[in-house]
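To start, the structure under review is shown below, and the notes come after it.
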Amino acid sequence: MKVVIDTNILIQGNLGPYSFAQQIIDWVISNDMTAYLTHQIIRENKLKTKELITDRNYLDLIDEYFDSCQTIRSKNHFKVIKADRDDDK
């Protein structure tokens with residue numbers, strides 16, 4: 001399965017090892033799911049996780065998640081999110 005994961009999943013994964021968000025992160029790390037990120041998404045993800053999460057072990061897990069993701073370059077920009085323009089990257 002190929003996915004683009006929203007920053008909220010990374011934040012909610014901190015709720016515990018049995019949360020669905022944590023399960024998604026684990027699937028990416030174990031290569032059961034392939035996550036794709038643009039440089040803009042990586043920048044936002046890293047900024048928000050460091051701002052909102054204090055658990056050093058979880059931040060290390062997030063770094064492992066980033067290492068497991070595929071970085072892509074966006075060729076086109078589609079405006080698909082009308083409710084929160086900051087999420088439209």
Side-chain angles (χ1 to χ4, degrees):
M1 180 181 304
K2 299 176 183 179
V3 297
V4 175
I5 295 178
D6 185 71
T7 307
N8 293 322
I9 295 295
L10 300 178
I11 303 302
Q12 291 174 9
N14 193 38
L15 296 176
Y18 302 107
S19 69
F20 187 63
Q22 176 68 53
Q23 205 172 15
I24 292 170
I25 293 165
D26 290 342
W27 288 334
V28 172
I29 292 171
S30 66
N31 293 317
D32 292 326
M33 182 181 286
T34 304
Y36 291 90
L37 303 173
T38 64
H39 292 288
Q40 296 91 333
I41 293 172
I42 293 170
R43 197 168 32 250
E44 177 187 334
N45 287 174
K46 288 185 175 186
L47 176 72
K48 289 297 181 183
T49 54
K50 287 188 172 124
E51 176 184 321
L52 299 172
I53 297 171
T54 57
D55 180 345
R56 185 67 229 161
N57 291 328
Y58 185 69
L59 288 171
D60 289 343
L61 183 73
I62 294 300
D63 285 340
E64 191 176 347
Y65 159 81
F66 287 127
D67 290 342
S68 301
C69 293
Q70 301 294 316
T71 305
I72 59 171
R73 186 182 324 191
S74 179
K75 292 183 179 182
N76 298 312
H77 183 78
F78 299 97
K79 295 197 179 286
V80 294
I81 302 174
K82 295 177 183 176
D84 187 350
R85 295 186 191 271
D86 287 341
D87 277 347
D88 202 6
K89 293 181 181 62

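Computed over heavy atoms, backbone and side chain alike; hydrogens, waters and symmetry mates excluded.
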When you group the ILVMFWY residues by side-chain heavy-atom contacts below 4.5 Å and let the links chain together, are Ile62 and Val4 in the same group?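 Yes; tracing contacts between hydrophobic side chains, which count when under 4.5 Å, links both residues.
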Checking Ile42 now: which residues fulfil side chain to side chain contact (heavy atoms under 4.5 Å, CB included) with it, not counting sequence neighbours?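 If we apply the side chain to side chain contact (heavy atoms under 4.5 Å, CB included) test to Ile42, skipping adjacent residues, the hits are Leu37, Lys46, Thr71.
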Tell me whether Asp6 contacts the main-chain N or O of Ile9 through its side chain, where contact means a donor paired with an acceptor under 3.5 Å.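 No, the answer is negative, given that no donor and acceptor are paired below the 3.5 Å cut-off.
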Return the [atom1] to [atom2] distance between [X] and [Y], rounded to the nearest 0.5 Å.
| X | Y | atom1 | atom2 | value |
| --- | --- | --- | --- | --- |
| Leu59 | Ile53 | CG | CD1 | 5.5 Å |
| Phe66 | Thr49 | CZ | OG1 | 5.0 Å |
| Glu44 | His39 | CD | NE2 | 15.5 Å |
| Thr7 | Leu52 | OG1 | CG | 9.5 Å |
| Tyr65 | Ile25 | OH | CD1 | 7.5 Å |

Measuring only between side-chain heavy atoms, which start at C-beta, is Met33 closer than 4.5 Å to Val3?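 Sidechains of Val3 and Met33: in contact.
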Student check: side-chain heavy atoms of Asn45 and Ile5 closer than 4.5 Å: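 Side chain of Asn45 against side chain of Ile5, heavy atoms only: no contact under 4.5 Å found.
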Under the side chain to side chain donor-acceptor pair (under 3.5 Å) test, residues paired with Ser30 that sit two or more places apart: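 Listed in chain order: Asp32.
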For Asp63, what residues pass the side chain to side chain donor-acceptor pair (under 3.5 Å) criterion, not counting sequence neighbours?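 Here no residue qualifies.
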N/O donor to acceptor pairs below 3.5 angstrom from side-chain atoms of residues 10-19, sequence neighbours left out:
{"from": "Ser19", "atom 1": "OG", "to": "Gly16", "atom 2": "O", "distance (Å)": "3.0"}
{"from": "Ser19", "atom 1": "OG", "to": "Gln22", "atom 2": "N", "distance (Å)": "3.1"}

Asp60: what forms a salt bridge (Lys or Arg N to Asp or Glu O under 4.0 Å) with it, not counting sequence neighbours?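 Per chain and number, Asp60 pairs via salt bridge (Lys or Arg N to Asp or Glu O under 4.0 Å) with Arg56.
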